[in-house]
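Working notes, structure below.
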Amino acid sequence: MHNFANSLQNFPLDIFCEKISFGKMNDIGKTFIPSTVEGKWIARWEDCGNFDRFADGSKDSFSILMPPPNVTGVLHMGHLLNQTLQDVFIRHARHRNKWATWVPGTDHAGISMQVRVEKELAKNGIDSKKIGRERFLEHAREWRDKHGGIILSQLRSLGVSCDFKNTVHTLDEDYSRGVLTAFVKLYKRGYVYRGKRMINWCPATMTALSDEEVTMKPQKSKLYYVCYEIVEQPGKFIEISTTRPETIMGDVAVAVNPEDGRYKSIVGLHCRRPLNPVEIPIVADFAVDKDFGTGVLKITPAHDVVDFEIGQRHGLPIIDVLNPDGTISAAGGPEFAGLDRFVAREKAGEELHRIGALSKIEDYENNVGFSERGNVPIEPRLSEQWFLKYPRIEEAKRAVADGFIKFYPRRWEKTYLHWLDNTKDWCVSRQLWWGHRIPVWYKKNSDRNDPENWHVSVDGPPDAENWEQDDDVLDTWASSWIWPFGVFHWPEKDKMEVAFFEYFYPTDVLVTGPDIIFFWVARMIMASLDLIGQDKKLLTDEDIAERIPFKNVYFTGIIRDKIGRKMSKSLGNSPEPLDLIAKYGADGVRFGILMSAASGQDLLFNEENMALGRNFCNKLWNAFRFGRIGRDYKSYAETTLDGILAKIIPDDLDVDDHAILLKFVNFCAAFEKLFNDFEINGAVNLLHSFFWDDYCSWYVEASKSRLKEGNCSVLAIHEILIRQLLIILNPFIPFITEELWNAGGNDPRSMQNVYCETANDLHRKFEFLHIDRRVLDTVSSLREFLNAVRRLLSQAKEKVGNVTLYILPKDTVTKGFLESYSGKIKNITAVRNIQFICEVPKFPSVQTPFGMVFLHAEELDTSGEKEKIVTEIAKISDLIILNEAKLSDKNFVEGAPQRVVIGAQKMLAENIARRMELQKILASL
RNA sequence: GGGGAAUUAGCUCAGUUGGUUAGAGCAUCAGCAUGACACGCUGGGGGUCACUGGUUCGAGUCCAGUAUUUCCCACCA
């Protein structure tokens, strides 16, 4: 058996970064340098088996399946977002006391891999078609083992914490048996059939495609108007319009709408096909649009779906004028045979012109189906293929409509349900070699169309020498649709790792793009509902709940460039993810991309966001350094939350300490809610603002003075906040958090499974501090007060140390409070002189929630002071008028809720008080 | 043709059941070596929430319509 994971183990780690050893880190630098920590943590995580699969019945499970990237793929921006999100979910689960597994893997990527290898061989002068199936597959496997899966190695540099030891590849032996088993089971139940149908044919890769693999693109083309002479009425012509004159040789009729008065008289007559001339009938069919062109349609059943259907209705023959590679076949006549279809189109136009059958050519824009992989227009083609009727469509709808599977954002449910309401049978056979060969054998020298001569099984017929296997392979998506259980070795009971399957299935969340809802998401749901559990006709709700492959689907947005274009290689507008990681650090890139990824919204990539992420990490790095520098300390790996809490003397704490702890608990609660609702972007933004604004900008500054005095309780609060933030941040920015978690310690231990205390836990643990909720109001007033003072100070042209602040408190209680707080005010603002006064002085002023503050300085710009206050009074007066009008409106007072009315009253009172203050000052100036 | 999404500061975007005077980051301007951080700190400027109606005491938020952009599905030769 091919062990694909092995080839990964050899991927060198040191390409990511310099190797730095662990050690005591009391003297960490003032800038976070990601390359010094990333490599060692990648290695360490894997060495200690941190991400290995493990089923522990005492804990809840949590599992994610990685959408398997193409084995030919390389890391792109979409992966960055998608994989980061999955890693966040997985690491978060580990901190919530769950056993988590994240199954990685690669997809064999049928067509693109085959094309890739063919090209590679061609470079060496080897013609794939000539060497035959077996030799080609040998080359392909060799290429895969050597270059394939590089993407998984690249992912490691992002810090993904998946179970690399259990990497699955869709062509692994066990997985392949699962794929074939699914096919055989569905065949036996009548879902699989073989038939000659119109399918989408890709002339470049020469294989059939499913409808989903065809994308319509608007094309500038030409509409040819061509005259066909009516046989029974020589000299009279019927004019048709077509974009494809090169298929005229395949015409077997022309058709008009039976209700079209213009042509009623000639229905039933014949006309002469102008190229490769023969007489063909004029038929009437409702599928013809009277209003398009001349209202006459040429019928080429071999090369158009509508024409085929009309041909069936009228018993018309089929003339195939195209070869599989898109050249004109012998049936197209000697002049055209062998020409490429587009060359033939030109030539047909010229030829029609020469014989006088062409009346005009118009420029025309129409939609043409393109093959996604071959990037050429597809041909509707009649051909013998294997088809699959989708199983469990109704149950698949129920699974989502009734909430067994939840979509985020919900609106994709509509897209999903609409598709399920309009499925057409799935063409699953591909004329390729690379893939799962269809497990059908035909009796040698027998009629392949007679099912009597078929053998359908996973292992093949016992007397293999009398049989020939079908040449085709399965659509790649017909293998990845069993991913959710195939990765657990379904259906081999003994190998199936039943314990893992039962423990981890259904998986918790699937993270993917909405562009593969049809290709993959819907099909996985159908496959799971049908193949998991006992064969059963009708599924109960319990069955559905048991069989679904995942409980939640998180759809990411699509990453676009600055001007909104999809990122693609051909446009060259996609940055190289590994370069970004090298520049901003894996953590910075992870944080930056999540910061800008509003859920379900496409996001315009902006490198500035990566800088934002890097800056955040650096800020965290320095927040950690604060309070540590110059101190001997233990690493977080060697302490516990309770241990730190024990260092607090409750009486040491003041209003700021209480407020930050309370705010933190509230933050945790809000964060948990957002996270559980899959509002990851919101959660990240909240984290950013709590850490930066509440913790760094306010609390660190407000606590500096007491820290300087050596207050151990305050230090402990810093320790607690940093500790908890590190755990909460770890899923988002795993490298720096691990590094800081272990800083100062001698025995580095990964923080992977450290429990993250919830808001409730913290609430309980902080109870002994008896925190009064009102501290929040006090601190928010203090912040307003300080902001106002700073605004005032910015008017001073000299050093802040030389100015004097005069505070006129609004009452004596406030005065007492401010006096006790003045040390902090001095520390935060760097002002040295503060005086409390009772009279309004003639200095520039500012209003604060605690009263007026005045500034005196040697050099002061007071010119605009009077004007400033007059404008301010005018502004407030306008507000007061509005407030009064509102409050005198009976409808408002009676209609609005109590709290809103009270709020309005309070506001009015405040504004009136503020105006009075300002008027007093104005009078004194 | 059917359906979805978007439209808020110069740019990128938050704004969760309607409720005080609409937010952030970046950019910009002015100032700062203040005890972790210049990848930093402080302050300023900058918005008729696309438009038009409607519901409501009250609308960026709900409803209807219009415009522009965008995606998905279907497809007439």
Side-chain angles (χ1 to χ4, degrees), chain A residues 30-32 216 223 240-244 255 287-289 291-294 296-300 304-307 364 366-367 369 409 411-412 414-415 418-419 422 514-515 517-518 558 560 562 564 566 584 588 595-596 598 600-606 608-609 611-630 673-674 677 679 681-682 685 688-689 693 696-697 700-701 704-705 707-708 787 790-795 797 799-801 827-830 875 878-879 882-883 886 889-897 899-901 903-904 906-908 910-911:
Chain A
K30 72 177 193 170
T31 304
F32 169 55
M216 304 303 287
L223 196 55
I240 61 103
S241 48
T242 180
T243 51
R244 305 205 57 190
V288 181
D289 181 355
D291 302 322
F292 185 89
T294 58
V296 187
L297 177 64
K298 74 183 197 67
I299 305 299
T300 324
D304 186 277
V305 180
V306 175
D307 290 11
Y364 184 64
N366 63 339
N367 280 332
R411 65 187 143 85
W412 293 113
K414 271 193 186 173
T415 309
H418 180 257
W419 185 77
N422 295 284
D515 48 333
I517 287 185
F518 314 136
I558 295 166
R560 301 172 178 283
K562 266 189 182 169
K566 234 176 172 168
Y584 300 103
M595 197 78 187
S596 53
Q601 217 55 57
D602 284 358
L603 53 125
L604 302 193
F605 175 77
N606 196 335
E608 281 162 8
N609 285 328
L612 193 142
R614 177 201 57 193
N615 296 354
F616 180 86
C617 291
N618 197 53
K619 187 81 173 171
L620 178 66
W621 187 260
N622 279 289
F624 180 89
R625 286 178 74 221
F626 172 75
R628 301 287 171 142
I629 285 178
K673 170 139 192 354
L674 285 167
D677 291 344
E679 296 272 352
N681 174 253
N685 278 298
H688 186 274
S689 74
D693 302 336
C696 293
S697 296
V700 168
E701 296 306 324
K704 267 180 182 167
S705 51
L707 219 47
K708 230 188 281 180
N787 286 343
R790 280 168 176 156
R791 225 177 301 136
L792 184 65
L793 287 170
S794 66
Q795 286 182 30
K797 294 208 162 138
K799 292 248 177 196
V800 174
N827 209 285
I828 292 171
T829 59
K875 229 160 102 187
D878 285 349
L879 280 175
L882 279 173
N883 289 339
K886 207 175 194 181
D889 183 352
K890 226 170 145 189
N891 288 323
F892 171 72
V893 179
E894 285 165 18
R899 63 188 171 82
V900 176
V901 177
K906 212 174 134 195
M907 161 147 284
L908 176 63
E910 273 172 20
N911 282 334

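Keep in mind the model is a prediction, meaning the values are calculated, not measured. Each chain gets a letter, A, B and so on, in the order its sequence line appears, and its residues count up from 1. These numbers come from the heavy atoms of this one structure, side chains and all, not from hydrogens, waters or symmetry mates.
Within the model, atoms NZ of A/Lys298 and CG of A/Asp304 stand 8.5 Å from one another, a figure rounded to the nearest 0.5 Å. For the atom pair CD1 (A/Ile828) and CD (A/Glu701), the distance works out to 7.0 Å, reported to the nearest 0.5 Å. For the atom pair CG (A/Asn681) and CE (A/Met595), the distance works out to 8.0 Å, reported to the nearest 0.5 Å.
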Reading RNA chain B 5' to 3', what string of ( ), [ ], | and . shows its pairs, if Watson-Crick and G-U wobble pairs count only when both distances fall under 3.5 Å?
(((((((..((((.....[...)))).(((((.......))))).....(((((..]....))))))))))))....
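Proximity of A/Val900 to A/Phe892: side-chain heavy atoms (C-beta onward) are separated by under 4.5 Å at one or more points. Counting only heavy atoms from C-beta outward, the side chains of A/Asp307 and A/Leu297 approach each other to under 4.5 Å. Counting only heavy atoms from C-beta outward, the side chains of A/Cys696 and A/Phe626 never approach each other to under 4.5 Å.
On the P atoms, B/A38 is 41 Å away from B/U21, given to the nearest whole Å. Across the P atoms, B/U56 and B/C49 are found 22 Å apart, a figure rounded to whole Å. Remark: the separation of the C1' atoms in B/G25 and B/G40 is 15 Å, to the nearest Å. For B/C11 and B/G54, the C1' atoms lie 34 Å apart once the distance is rounded to whole Å. Remark: the separation of the P atoms in B/G47 and B/C37 is 36 Å, to the nearest Å. On the C1' atoms, B/C51 is 31 Å away from B/A74, given to the nearest whole Å. Taking the C1' atoms as reference points, B/G44 lies 15 Å from B/A27, given to the whole Å. B/G23 and B/U16 have their P atoms separated by 14 Å, given to the nearest Å.
Across all strands shown, A/Asn883 has no heavy atoms under 4.0 Å from either base or sugar-phosphate atoms. Contacts of A/Asn911 with the nucleic acid, taken as non-hydrogen atoms under 4.0 Å apart, include base atoms. Residue A/Pro897 is classed as a base contact, given a heavy-atom separation below 4.0 Å to a base.
Although no hydrogens or angles enter the test, the distance criterion places no donor-acceptor pair under 3.5 Å between the side chain of A/Asp677 and the main chain of A/Glu679. Side chain of A/Asn622 to backbone of A/Lys30: a donor-acceptor contact under 3.5 angstrom is found. In this structure a side-chain-to-backbone donor-acceptor pair under 3.5 Å is missing from A/Asn609 to A/Phe605.
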Summary of protein contacts for nucleotides 72-77 of chain B, nucleotide by nucleotide, where a base hit scores B, a sugar-phosphate-only hit scores S (4.0 Å, heavy atoms):
-S-BBB
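For A/Arg790, the listed nucleotide lying nearest its side chain is B/G43; candidates were B/G19, B/U20, B/G43.
Here the P atom of nucleotide B/G4 and the CD1 atom of A/Ile558 are 18 Å apart, to the nearest Å. For A/Asn609 and B/C11, the CG to C1' distance is 11 Å, given to the nearest whole Å. As a whole-Å value, the separation of A/Leu612 CG from B/A24 C1' is 10 Å. The distance between atom NZ of A/Lys673 and atom C1' of B/U16, rounded to the nearest whole Å, is 7 Å. A/Glu608 has its CD atom 13 Å from the C1' atom of B/C13, to the nearest Å. Following rounding to the nearest Å, A/Asp693 (CG) and B/G40 (P) show an atom-to-atom distance of 13 Å. Rounded to whole angstrom, the span from the CG atom of A/Asn787 across to the C1' atom of B/G44 amounts to 13 Å. One atom, CG of A/Leu879, and another, P of B/U21, lie 8 Å apart when rounded to the nearest Å.
Between A/Met216 and A/Gly369 the shortest heavy-atom distance is SD-CA, 3.6 Å. Between A/Asn618 and A/Thr31, the shortest heavy-atom distance links the atoms OD1-CA, 3.4 Å. Closest approach of A/Ala255 and A/Val288 over heavy atoms only: CB-CG2, 3.8 Å.
Phosphate proximity of B/G4 to A/Lys414: present, with a side-chain N or O under 4.0 Å from OP1 or OP2.
Note on ring orientation: taking the six-membered ring where Trp is involved, the planes of A/Phe518 and A/Trp419 are parallel (angle under 30°, cut-offs 30° and 60°).
Nearest-nucleotide mapping onto RNA chain B: of A/Ser794 and A/Asn606, the residue sitting toward the 5' end is A/Asn606.
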With 3.5 Å as the limit, what N/O pairs link the protein to nucleotides 33-39 of chain B?
| residue | atom | partner | partner atom | Å |
| --- | --- | --- | --- | --- |
| B/A33 | OP1 | A/Lys799 | NZ | 2.8 |
| B/G35 | N7 | A/Lys708 | NZ | 2.8 |
| B/A36 | O2' | A/Asn622 | OD1 | 2.3 |
| B/A36 | O2' | A/Arg625 | NH1 | 2.9 |
| B/A36 | N6 | A/Glu701 | OE2 | 3.1 |
| B/A36 | N3 | A/Asn622 | O | 3.3 |
| B/C37 | O4' | A/Asn622 | OD1 | 3.0 |
| B/C37 | O4' | A/Asn622 | ND2 | 3.3 |
| B/C37 | O2' | A/Asn618 | ND2 | 3.1 |
| B/C37 | O2 | A/Lys619 | NZ | 2.9 |
| B/C37 | N3 | A/Lys619 | NZ | 2.9 |
| B/A38 | OP1 | A/Lys30 | NZ | 3.3 |
| B/C39 | O4' | A/Asn615 | OD1 | 2.9 |
| B/C39 | O2' | A/Asn618 | ND2 | 3.2 |
| B/C39 | O2 | A/Arg614 | O | 3.4 |
| B/C39 | O2 | A/Asn615 | OD1 | 3.4 |

